Amino acid sequence: MLLCTSQGQQRKMHWHCAPYVLIVLAGALLAACGAERYKPTWESLDTRPLPGWYDTSKVGIFIHWGVFSVPALGEWFWEEWQGRHEAEFVKYMDKTYPPGFQYADFAPMFKADLWKPDDWADLFVKSGARYVVLTSKHHEGFTLWPSEHSWNWNAMDNGPHRDLVGELADAVRKHPSLHFGLYHSLFEWFNPVFLEDQRNNFTTRTFIKEKTGAELYEIVNQYKPEVIWSDGDWSSGPEYWNSTHFLAWLYNDSPVRDTVVVNDRWGVGAMCKHGDFFTCQDRFNPGHLLAHKWESAMTIDKNSWGLDRTSAIKDYLTIQELIDELVTTVSCGGNLLVNVGPASDGTILPIFQERLLQMGSWLEVNGAAIYGSHPWSVQNDTTSGNVWYTLGEDSTTIYAISLSWPASGQLALGSIGRAPQTVKLLGHSGELPFSYSASGLLVALPQAPTTKLEWAWTLQMNYPTATSRQRSTEHTV
């Protein structure tokens with residue numbers, strides 16, 4: 001083994017030490033050799049480069065699943081029923097269940113008896129997604145893994161009697177194109193330990209030390225997620241949640257330190273300011289380029305993250321709306337995290353499946369303009385407002401994605417500042433005729449879109465040398 005000295009010299013050492021001593025010495029070795037270690041401060045943590053896999057992936061699947069999937073009236077059902085006492089939910093429970101029925105009584109009904117995790121993973125691959133984020137624990141506090149810190153309120157002790165996190169992690173990792181991630185809620189609506197800390201104005205930190213903080217270390221060490229999607233942070237600041245200390249450990253010493261990414265929900269004041277990627281708010285889409293990597297977490301059901309059995313067809317995004325959201329998000333430097341809410345039996349509604357498969361079929365044709373792309377110097381065309389741009393990975397190809405098919409059969413691009421060598425339509429064979437003038441590029445399209453080309457159409461413009469790039473991610477590795 002080689003040991004760096006302060007003079008840069010090296011000498012051999014023979015090790016006959018206990019494991020603990022080896023760990024301590026390894027840390028000293030890294031420090032002596034100048035390896036960067038992040039401090040538990042935002043100033044230090046914010047210097048970490050964004051792992052490159054996340055920026056190139058562009059599309060993920062969000063899964064909201066838990067005990068709330070049993071009443072199937074949205075993921076906030078418990079709070080709306082027994083926290084806010086919303087009349088419609090109180091009336092529903094009084095009418096449907098016997099007196100004295102408690103939310104905990106839903107847990108044995110959460111059976112996942114039709115759940116096939118491999119089928120989920122196959123669907124996600126076909127959707128074109130490159131990462132998957134499962135709610136390991138929502139605000140109800142029920143953990144989808146056998147947590148040592150959630151006795152009898154977890155999916156092994158109650159309900160399915162299965163390690164749902166572990167099974168899905170295994171299924172997802174059978175596919176090299178997919179990365180596995182976990183959502184985790186910091187707070188829990190009715191946990192008495194959290195409520196006690198809250199009554200103490202968060203001067204005590206029993207809940208974070210014994211429950212939710214311990215869970216974070218547990219899921220990282222046990223399941224090695226490459227996304228930690230934190231939520232439920234709005235009650236207190238990062239100091240109470242121990243956020244910077246956890247993140248310093250995550251970046252320095254965790255088993256996923258080289259690949260993990262985290263969002264920005266780590267306490268009051270952190271959102272849209274700190275984290276590997278910003279979410280800023282639910283369904284966030286600024287419509288313009290940001291200086292930092294961001295993600296739009298959004299739902300196919302326009303109104304609910306968890307399954308809502310009262311939703312009608314009008315409450316679901318059309319595939320056109322979903323593709324529009326995908327294109328505008330990626331053009332402006334973001335990733336799209338598309339949410340589905342499975343049923344308590346583990347099935348995914350056909351309408352969710354259809355939207356995901358449609359998105360996958362579009363990406364199969366147009367993926368070159370999405371995966372690995374960069375924001376170009378212009379996002380939205382100045383002449384055709386329904387056209388959004390991305391830049392190819394090698395920076396010699398500009399993609400113009402039109403969200404509608406022009407009735408004239410010609411597409412005018414006012415933002416193109418120089419004539420390309422060739423213009424092609426993805427999914428269509430051959431080059432397209434075009435003319436270039438001071439007003440921009442005018443491309444003659446095929447007579448009509450073929451059946452393989454739906455919902456949005458991508459022009460590929462090739463150049464002999466690289467064109468200008470705008471990067472939303474200042475540091476990427």
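All values reported here derive from a predicted model rather than from experimental measurement.
Looking at heavy atoms from C-beta onward, D276 lies out of side-chain contact with K293 at the 4.5 angstrom threshold. The closest side-chain heavy-atom distance from K137 to L182 is not below 4.5 Å. Put simply, the side chain of W76 reaches to within 4.5 Å of the side chain of H139, judged on heavy atoms. Proximity of Y251 to E36: side-chain heavy atoms (C-beta onward) are nowhere separated by under 4.5 Å. Side-chain atoms of L164 and W115, non-hydrogen and from C-beta on, do get closer than 4.5 Å to each other. Proximity of N366 to Y399: side-chain heavy atoms (C-beta onward) are nowhere separated by under 4.5 Å. Counting only heavy atoms from C-beta outward, the side chains of L356 and I300 approach each other to under 4.5 Å. In this structure, W294 and C280 have side chains that are not in contact, with every pair of non-hydrogen atoms separated by 4.5 Å or more.
Going from atom CG of N252 over to atom CZ of R257 covers 9.0 Å, rounded to the nearest 0.5 Å. To the nearest 0.5 Å, the span separating OG1 on T397 from CG on L459 amounts to 12.5 Å. Note: D381 CG to S402 OG = 9.5 Å, rounded to the nearest 0.5 Å. In this structure, T458 OG1 and W388 CH2 are separated by 14.5 Å, a value rounded to the nearest 0.5 Å. If you take CG on D258 and CH2 on W53, they are separated by 13.5 Å, rounding to the nearest 0.5 Å. For the atom pair OG (S296) and CD (Q281), the distance works out to 9.5 Å, reported to the nearest 0.5 Å.
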Task: E295/W229 under side-chain hydrogen bond (donor to acceptor under 3.5 Å, both in side chains): CA gap, chis, key distance, verdict - done: CA-CA 11 Å; E295 180 183 82; W229 216 100; 2.7 Å; yes
TODO: Applying side chain to side chain contact (heavy atoms under 4.5 Å, CB included), run through E75 and W305 and close with a yes or a no.
DONE: CA-CA 6 Å; E75 74 289 348; W305 297 85; 3.3 Å; yes
Open item on the list: Checking S384 against N386 for the side-chain hydrogen bond (donor to acceptor under 3.5 Å, both in side chains) test, could you report, in this order, the C-alpha distance in whole Å, the side-chain angles of both residues, the deciding distance, and whether it holds?
Closed with: CA-CA 5 Å; S384 299; N386 236 11; over 6 Å; no
TODO: Applying side chain to side chain contact (heavy atoms under 4.5 Å, CB included), run through F187 and S236 and close with a yes or a no.
DONE: CA-CA 10 Å; F187 96 126; S236 190; over 6 Å; no
Open item on the list: Pair M359, V59 - check side chain to side chain contact (heavy atoms under 4.5 Å, CB included), show working.
Closed with: CA-CA 10 Å; M359 181 175 70; V59 186; 3.9 Å; yes
Task: Pair I228-L247, side chain to side chain contact (heavy atoms under 4.5 Å, CB included): steps then yes or no - done: CA-CA 10 Å; I228 298 292; L247 293 174; over 6 Å; no
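The distance between the ring centers of F68 and F106 does not fall below 6.0 angstrom. Taking the ring centroids of Y92 and F89, they lie at or beyond the 6.0 Å cut-off.
No donor-acceptor pair under 3.5 Å is formed between the side chain of W65 and the backbone N or O of L134. In this structure a side-chain-to-backbone donor-acceptor pair under 3.5 Å is present from R355 to L317. A donor-acceptor pair under 3.5 Å is formed between the side chain of S147 and the backbone N or O of H149. In this structure, the side chain of N154 does not engage the main chain of T143 through any donor-acceptor pair within 3.5 Å. Between the side chain of T203 and the backbone N or O of N200 there is at least one donor-acceptor pair closer than 3.5 Å.
Using a 4.0 Å cut-off between a side-chain N of Lys or Arg and a carboxylate O of Asp or Glu, E325 and R283 do not qualify as a salt bridge. Between R162 and D170, none of the side-chain N atoms (NZ, or NE/NH1/NH2) sits under 4.0 Å from a carboxylate O, so this pair counts as no salt bridge. With respect to the salt-bridge test (charged N to carboxylate O, under 4.0 angstrom), the residues R199 and E196 qualify. Salt-bridge annotation for D253 and R37: present, with a side-chain N of the basic residue lying under 4.0 Å from a carboxylate O of the acidic one.
For S230, the side chain to side chain contact (heavy atoms under 4.5 Å, CB included) partners at least two apart in sequence or on another chain are L186, N263, W266. Residues forming a ring-ring contact (aromatic ring centres under 6.0 Å, His included) with H184 (at least two apart in sequence, or on another chain): none. Partners of S373 under the side chain to side chain contact (heavy atoms under 4.5 Å, CB included) rule, at least two apart in sequence or in another chain, are K58, V330, T390. For K224, the side chain to side chain contact (heavy atoms under 4.5 Å, CB included) criterion is met by R173, P255, V256, not counting sequence neighbours.
Between H64 and F62, the ring planes lie perpendicular to each other; the angle is over 60°, past the 30° to 60° tilted range. In this structure, W405 and W457 have perpendicular ring planes: the angle between them is above 60°, well past the 30° mark. Note: F207 and F194 have perpendicular aromatic rings, judged against thresholds of 30 and 60 degrees for the angle between ring planes.
Looking only at atom types and distance, the side chain of Y240 has a donor-acceptor partner in the side chain of D197 under 3.5 Å away. Side chains of W78 and Q82: a donor-acceptor N/O pair is present below 3.5 angstrom, by distance only. Side-chain contact, H179 with E226: a donor N or O sits under 3.5 Å from an acceptor N or O. For the 3.5 Å distance criterion, the side chains of W145 and E218 qualify, holding a donor opposite an acceptor.
The two residues Q358 and S361 make their nearest non-hydrogen contact at O-OG, 2.7 Å. The two residues A270 and P238 make their nearest non-hydrogen contact at CB-CG, 4.5 Å. Residues A171 and P117 approach most closely at CB-O, 3.6 Å, considering heavy atoms. Considering all non-hydrogen atoms of both residues, V67 and A107 come closest at CG1-N, 4.0 Å. Summarising the geometry of V378 relative to S415, their closest heavy-atom pair is CG1-OG, 3.6 Å, with the distance given to 0.1 Å. The two atoms that bring C332 and L289 nearest to each other are O-CD1, 3.4 Å, heavy atoms only.
Within the structure, side chain to side chain donor-acceptor pair (under 3.5 Å) contacts touching residues 118-128 (residues at least two apart or in different chains) are D118-K174, D122-H175.
The 12-atom threshold is exceeded at CD of E321, counting heavy atoms of other residues, nucleotides or ligands nearer than 6.0 Å. Annotation for K302: atom NZ counts as buried by contact number, over 12 foreign heavy atoms lying within 6.0 Å.
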Identify all side-chain donor-acceptor contacts of residues 344-352 below 3.5 Å with residues at least two apart in sequence or on another chain.
unit_1, atom_1, unit_2, atom_2, d
D345, OD1, T347, N, 2.9
D345, OD1, T347, OG1, 2.6

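Each of Y131, Y54, F284 was evaluated against F277; a single residue qualifies, Y54, per the ring pair (Phe, Tyr, Trp, His ring centres under 6.0 Å) test.
Geometrically, R130 engages Y371 in a cation-pi contact, judged by NZ or CZ lying under 6.0 Å from the ring centre and within 45° of the ring axis.
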